[in-house]
Amino acid sequence: MIHPVTAGLGAVLAFTAASLLFAQTPARDAAGHPDLNGTWDNGSGIDFIRPQHQADGSICVSGCDAPRPAAAAGTPPPAAARPPRNFPKYKPEYLAKVAELEKNQIKFDPVLHCRSPGLPRIGPPDKIVQQSRQIVFLYDDVSGDFFRIIPIDGRPHRKDVDPSTLGDSIGHWEGDTLVVEANQFNDDSWLTDNGAFHSVELTVTERLRRVGDTLQYEAVATDPKVLTEPWKVTRVAKLTDVDLVEATPCVDKDLGHVVDGTHHDNPR
């Protein structure tokens with residue numbers, strides 16, 4: 001005989017497990033693929049430079065002497081407490097170039113001159129519009145609004161487009177994972193911050209998978225000309241009900257007044 005308390009507890013546990021499973025199961029489109037539609041908070045914006053608030057009310061971006069005040073719950077840890085950065089591995093003959101770009105990031109960083117971050121630096125999309133034959137990625141980044149139109153109907157890469165910072169993309173589904181393959185890049189962007197340049201041989205493969213109200217994002221950048229191995233970056237975005245608005249225009253005016261070329265600590 002099963003004790004009624006035990007039976008009741010079992011029912012509660014079963015209900016809880018079913019509820020968690022339901023919460024992790026996203027809605028699906030007419031073809032049975034996970035519904036990726038929505039606005040995704042990926043942490044982009046000016047906050048990536050981690051400004052320090054000073055006692056006099058000013059904000060220091062780089063070269064700050066005063067210690068950072070105690071961080072509130074949920075804020076990024078100080079630089080000394082962060083794990084080693086995930087940085088592409090370059091061939092020996094390109095290390096000096098990376099060091100020079102890093103030392104003079106304010107002068108050479110394309111993003112700081114209002115240009116596109118490129119892939120995979122731009123990260124997961126801020127908004128996804130999913131259709132049967134294509135998926136549209138919309139971005140609201142520190143240097144402006146950007147978009148990508150990604151066919152998912154089996155067509156090959158186009159051959160009639162000029163190289164660009166975001167390249168030419170095609171997508172397909174592998175189970176519940178959207179796989180996006182991009183090529184035809186120019187060399188006018190960086191893989192990530194701190195001088196991580198790339199060549200025109202770059203290709204990027206992204207994988208996006210929805211788990212409940214989160215978007216699991218992985219990008220692998222391959223550039224056999226300058227890198228010793230493919231470089232992988234992972235991010236997580238959270239579904240939000242705050243929709244996108246037009247980004248504030250990026251106007252390159254301030255850099256001409258810079259008197260110190262120190263680069264910022266930018267572990268985005």
Side-chain angles (χ1 to χ4, degrees), residues 40-50 61-62 76 82-90 94 97-128 137-148 150 163-169 171 179-208 215-227 229-237 244 247 250 252 255 263-268:
W40 302 92
D41 183 0
N42 60 22
S44 64
I46 196 64
D47 288 343
F48 75 92
I49 62 174
R50 305 184 188 281
V61 172
S62 179
R82 295 180 203 139
R85 63 178 179 173
N86 176 24
F87 198 75
K89 295 182 179 179
Y90 285 86
Y94 295 108
K97 179 177 180 178
V98 173
E100 179 66 16
L101 293 175
E102 179 177 5
K103 180 180 178 181
N104 298 281
Q105 180 166 355
I106 287 180
K107 180 178 179 180
F108 293 117
D109 190 340
V111 167
L112 298 182
H113 294 272
C114 298
R115 298 201 292 273
S116 165
L119 285 180
R121 188 180 186 186
I122 201 168
D126 292 275
K127 188 177 182 69
I128 297 177
F137 286 178
L138 303 176
Y139 301 90
D140 174 14
D141 205 77
V142 63
S143 53
D145 297 318
F146 304 95
F147 70 92
R148 296 163 66 196
I150 304 167
S164 63
T165 54
L166 295 176
D168 180 68
S169 298
V179 180
V180 180
E181 299 172 343
N183 64 10
Q184 300 186 53
F185 292 97
N186 58 32
D187 57 1
D188 294 335
S189 63
W190 290 0
L191 297 175
T192 185
D193 313 303
N194 300 331
F197 78 97
H198 64 82
S199 78
V200 297
E201 295 185 20
L202 172 69
T203 60
V204 178
T205 300
E206 300 162 288
R207 288 179 168 81
L208 299 90
L215 187 68
Q216 312 293 320
Y217 175 85
E218 174 190 289
V220 177
T222 302
D223 190 341
K225 180 175 181 179
V226 300
L227 299 182
E229 61 183 41
W231 178 67
K232 182 170 73 173
V233 59
T234 58
R235 298 275 294 277
V236 177
L244 298 186
C250 181
D252 184 3
L255 293 182
H263 70 283
H264 54 69
D265 180 22
N266 188 350
R268 176 169 59 165

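The shown structure was predicted, so the numbers you read here are calculated from the model rather than taken from an experiment. In what follows, residues are counted from 1 in the order of the sequence shown.
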- prompt: Among Asp140, Asn42, Leu208, which one satisfies side chain to side chain contact (heavy atoms under 4.5 Å, CB included) with Pro125?
  reply: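 That would be Leu208.
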- prompt: Do the ring planes of Phe137 and Tyr139 sit parallel (below 30°), tilted (30 to 60°) or perpendicular (above 60°)?
  reply: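 Answer is perpendicular, since the angle exceeds 60°.
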message: Using 30° and 60° as the class boundaries, would you call the ring planes of Tyr90 and Phe197 parallel, tilted or perpendicular?
response: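 Tyr90 and Phe197: parallel rings.
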[atom1]/[X] to [atom2]/[Y] distance, rounded to the nearest 0.5 angstrom?
{"X": "Arg115", "Y": "Phe146", "atom1": "CZ", "atom2": "CZ", "result": "10.5 Å"}
{"X": "Ile106", "Y": "Leu112", "atom1": "CD1", "atom2": "CG", "result": "7.0 Å"}
{"X": "Asp193", "Y": "Glu102", "atom1": "CG", "atom2": "CD", "result": "10.0 Å"}

Salt-bridge criterion met for Asp109 and Arg121 (N-O under 4.0 Å):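 Counted as a salt bridge, because a side-chain N and a carboxylate O are separated by less than 4.0 Å.
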- request: Just do the side-chain contact (heavy atoms from CB on, under 4.5 Å) check on Thr192 and Val233 with the steps written out, would you?
  value: CA-CA 10 Å; Thr192 185; Val233 59; over 6 Å; no
field: Shortest non-hydrogen separation from Lys89 to Glu229 and the atoms involved
entry: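 For Lys89 versus Glu229, the nearest heavy atoms are CD-OE2, 3.4 Å.
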- request: For residues Ile150 and Ser169, report the shortest heavy-atom separation together with the two atoms involved.
  value: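 Shortest heavy-atom separation between Ile150 and Ser169 comes out as CG1-CB, 3.9 Å.
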Less than 4.5 Å apart, side chain to side chain, heavy atoms only: is that true for [X] and [Y]?
{"X": "Gln105", "Y": "Asn194", "result": "yes"}
{"X": "Ser189", "Y": "Ile122", "result": "no"}
{"X": "Val220", "Y": "Val204", "result": "no"}
{"X": "Pro117", "Y": "Ser143", "result": "yes"}
{"X": "Pro224", "Y": "Glu201", "result": "yes"}
{"X": "Leu119", "Y": "Leu166", "result": "yes"}
{"X": "Trp190", "Y": "Leu101", "result": "yes"}

Residue pair Ile128, Leu215: steps toward the side-chain contact (heavy atoms from CB on, under 4.5 Å) verdict: CA-CA 11 Å; Ile128 297 177; Leu215 187 68; 4.0 Å; yes
task: Report the C-alpha separation of Thr205 and Val179 in whole Å, then their side-chain angles, then the decisive distance to 0.1 Å, and conclude whether the side-chain contact (heavy atoms from CB on, under 4.5 Å) test is met.
output: CA-CA 7 Å; Thr205 300; Val179 180; 3.9 Å; yes
task: Apply the test side-chain contact (heavy atoms from CB on, under 4.5 Å) to residues Leu227 and Leu191: give CA-CA distance (whole Å), side-chain angles for both, the deciding distance (0.1 Å), then the verdict.
output: CA-CA 11 Å; Leu227 299 182; Leu191 297 175; 4.0 Å; yes
